[in-house]
Protein chains: 2
Amino acid sequence: MSKTTSQPRAKATQKPTRIQREKTRAILEAALEVFSKRGFRGATLDMIAEEAQLSKPNLLYYFASKEALHAELLAGLMEKWLEPLAQIEQNGDPITEICAYIERKLELAEEYPRESRLFANEIIQEAPRSKNALNGYLKELVDEKTILIQRWIDAGKIAPVDPHHLIFSIWATTQHYADFDTQIQAMMDEGYEQRFITAKAYLVDLFTKVLKP
Amino acid sequence: MSKTTSQPRAKATQKPTRIQREKTRAILEAALEVFSKRGFRGATLDMIAEEAQLSKPNLLYYFASKEALHAELLAGLMEKWLEPLAQIEQNGDPITEICAYIERKLELAEEYPRESRLFANEIIQEAPRSKNALNGYLKELVDEKTILIQRWIDAGKIAPVDPHHLIFSIWATTQHYADFDTQIQAMMDEGYEQRFITAKAYLVDLFTKVLKP
DNA sequence: GTCTATACATTGATAGAC
DNA sequence: GTCTATCAATGTATAGAC
């Protein structure tokens, strides 16, 4: 009697075993490594399988296709990626809130550069696989926060800046240290090791000056 | 007697005809379109050939390989891309010079978004084909300008900011509007049309505040 | 669940007629 | 110079033994 037919592909039917969860995790980890470094088309299942230390057919036993694997990665990342923005609190001190957001973003860039590059690859190539996420959850969140920022401006608590451009410039400056690390490294030589420390000081100073009413 | 054997591949031997130059230009234009949108591996010679309106073998008559085509694109772009930074003048007013640089960068992002994305694709994927350019001409130029900025700081003409991070933040904020256009569009709705005008005002204001001594 | 073998599609590049 | 036909390599995915 096929009790062990609880194939990962049919997730709805049965709870995955510990082994299955670990393999799945290892594959996702390997996929993140390869996709983030080479983009979707640049990555091959061979590379991912080797990185995860299993055979290609075995990999395809856990994930139906290359597309499915990539989609799973993106979906799993969205929440973590947007959390720093979601955490901005309307009741806190505006400048403190925004500077804390910048610091969180920078820490994310330092700790999870591969995730950042995965998104960057996607968006530069016109987000063929994540348009929905962009127009859905992210758009809603940005709408909510731009309104909050505008309210702070109207209350005279921060200088009058365009809320959208403010958010874009925070995204750009923080993610730059993950996405364009190769360039940063080529330009900075000795200072490279300390880049996140010095960047944090620089960016907090920068945005504080801009936001002071 | 083969008078017409002046094949483009053997460029050193003979001056290319007008037709040859035009075809070459059309191919490079098509290649830029496709490479910038899909990255090196994501692009196919079929796509580029179709975009340039010729057959794949004919394309390969003008360029020896996909690699060669990509290399030619990158090489031809470097100069245009670095010119705004090179134009910063040590004798001008520091804040005026830097703000003018920001405006030039933003205009480049607006006029040549594909070039920006081509570079971005390269660098995110660890610049496998342009490490040399990064460590060569670009590094030299950045070294030169960081020294100039430091001199301005020492003279008390601008506020004391880390010159490297200043340059990075200018790159990040300006190129963001080209590289992440898909995201910008998804977030901005009505304001999207005017994005470069409002961005210019926002960024000039931002960096002016930061640089004022 | 995992592997070997292989089917099948895509793609970079070449051969050779015109 | 340009095309049709084709090759060789690569890469996604499946079949089927164990």
Side-chain angles (χ1 to χ4, degrees), chain A residues 1-11 13-28 30-31 34-35 37-73 128-129, chain B residues 1-11 13-28 30-31 34-35 37-73 128-129:
Chain A
M1 284 93 206
S2 48
K3 252 197 186 158
T4 54
T5 44
S6 62
Q7 295 192 6
R9 291 197 197 176
K11 279 175 186 176
T13 51
Q14 208 144 345
K15 209 176 94 179
T17 69
R18 189 182 56 85
I19 290 270
Q20 284 172 342
R21 276 201 309 277
E22 278 176 9
K23 289 255 177 179
T24 303
R25 225 194 38 70
I27 292 170
L28 285 171
V34 178
F35 278 135
K37 191 175 291 178
R38 326 227 356 174
F40 183 78
R41 297 261 334 241
T44 71
L45 293 182
D46 280 311
M47 294 174 193
I48 298 170
E50 191 189 348
E51 181 85 20
Q53 299 192 39
L54 40 70
S55 68
K56 189 162 50 170
N58 197 7
L59 188 162
L60 287 165
Y61 171 76
Y62 286 93
F63 291 89
S65 69
K66 187 182 179 182
E67 286 279 355
L69 181 52
H70 192 261
E72 184 98 351
L73 257 189
R129 295 169 192 83
Chain B
M1 284 97 214
S2 48
K3 250 194 187 161
T4 54
T5 44
S6 63
Q7 296 192 6
R9 290 196 197 175
K11 279 175 185 174
T13 52
Q14 210 143 344
K15 210 175 91 180
T17 69
R18 188 181 56 84
I19 291 269
Q20 284 172 340
R21 276 199 310 277
E22 278 176 9
K23 289 254 174 179
T24 303
R25 226 194 38 69
I27 292 170
L28 285 171
V34 179
F35 278 135
K37 191 175 291 176
R38 326 227 356 172
F40 182 78
R41 297 262 333 240
T44 71
L45 292 181
D46 279 309
M47 294 175 194
I48 298 171
E50 190 188 349
E51 181 83 20
Q53 298 191 41
L54 39 70
S55 66
K56 187 163 54 170
N58 198 7
L59 187 163
L60 286 166
Y61 171 78
Y62 286 92
F63 290 89
S65 68
K66 187 183 180 183
E67 286 278 354
L69 180 52
H70 192 261
E72 184 100 351
L73 257 189
R129 294 169 194 82

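Since the structure is predicted, the reported quantities are computational estimates derived from the model, not experimental observations. Because only heavy atoms are used, hydrogens play no part in the values below, and waters and symmetry mates are left out as well, while side chains stay in.
- Following rounding to the nearest Å, B:Gln20 (CD) and D:dG1 (C1') show an atom-to-atom distance of 9 Å.
- In this structure, A:Leu59 atom CG and D:dG11 atom P are separated by 15 Å, rounded to whole Å.
- If you take OH of A:Tyr61 and P of D:dC18, they are 19 Å apart, rounded to a whole angstrom.
- For the atom pair CD1 (B:Ile27) and CG (B:Leu54), the distance works out to 5.0 Å, reported to the nearest 0.5 Å.
- Listed by chain and number, the residues in a side-chain contact (heavy atoms from CB on, under 4.5 Å) with A:Ala31 are A:Phe35, A:Ile48, A:Leu69, A:Leu73 (sequence neighbours excluded).
- One interatomic measurement links the two molecules: CG of B:Leu60 to C1' of D:dC7, which rounds to 14 Å at whole-angstrom precision.
- Per the geometry, NE2 belonging to B:His70 stands 15 Å off C1' belonging to C:dG12, to the nearest Å.
- Note: CD1 (A:Ile27) to P (D:dT12) measures 15 Å, nearest angstrom.
- One interatomic measurement links the two molecules: NZ of B:Lys23 to P of D:dG1, which rounds to 10 Å at whole-angstrom precision.
- Proximity of residues 41-49 of chain A to DNA chain C (heavy atom under 4.0 angstrom from any strand atom) is restricted to A:Arg41.
- Not a single side-chain hydrogen bond (donor to acceptor under 3.5 Å, both in side chains) links B:Gln53 to another residue, sequence neighbours left out.
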Checking A:Thr44 against B:Arg41 for the side chain to side chain contact (heavy atoms under 4.5 Å, CB included) test, could you report, in this order, the C-alpha distance in whole Å, the side-chain angles of both residues, the deciding distance, and whether it holds? CA-CA 11 Å; A:Thr44 71; B:Arg41 297 262 333 240; 4.2 Å; yes
Does B:Glu51 form a side chain to side chain contact (heavy atoms under 4.5 Å, CB included) with B:Met47? I'd like the steps, not just the answer. CA-CA 6 Å; B:Glu51 181 83 20; B:Met47 294 175 194; over 6 Å; no
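- Residues meeting the salt bridge (charged side-chain N to carboxylate O under 4.0 Å, His left out) test with A:Lys66, sequence neighbours left out: none.
- Expressed to the nearest 0.5 Å, how far CZ of B:Arg25 lies from OH of B:Tyr62 amounts to 13.0 Å.
- Taking atom CZ of A:Arg21 as the reference point, atom P of C:dG1 lies 12 Å away to the nearest angstrom.
- Under the side-chain contact (heavy atoms from CB on, under 4.5 Å) criterion, B:Glu67 pairs with B:Phe40, B:Ser65, B:Arg129, sequence neighbours left out.
- Look at A:Tyr62 and you'll find a side-chain N or O under 4.0 angstrom from OP1 or OP2 of C:dT2.
- For the residue pair A:Ala26 and A:Ala52, the shortest heavy atom distance occurs at O-CB, 3.9 Å.
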If you restrict it to nitrogen or oxygen atoms, what contacts under 3.5 Å exist between nucleotides 3-5 of chain C and the protein, and what is each distance?
unit_1, atom_1, unit_2, atom_2, d
C:dC3, OP2, A:Ser55, N, 3.4
C:dC3, OP2, A:Ser55, OG, 2.8
C:dC3, OP2, A:Asn58, ND2, 3.2

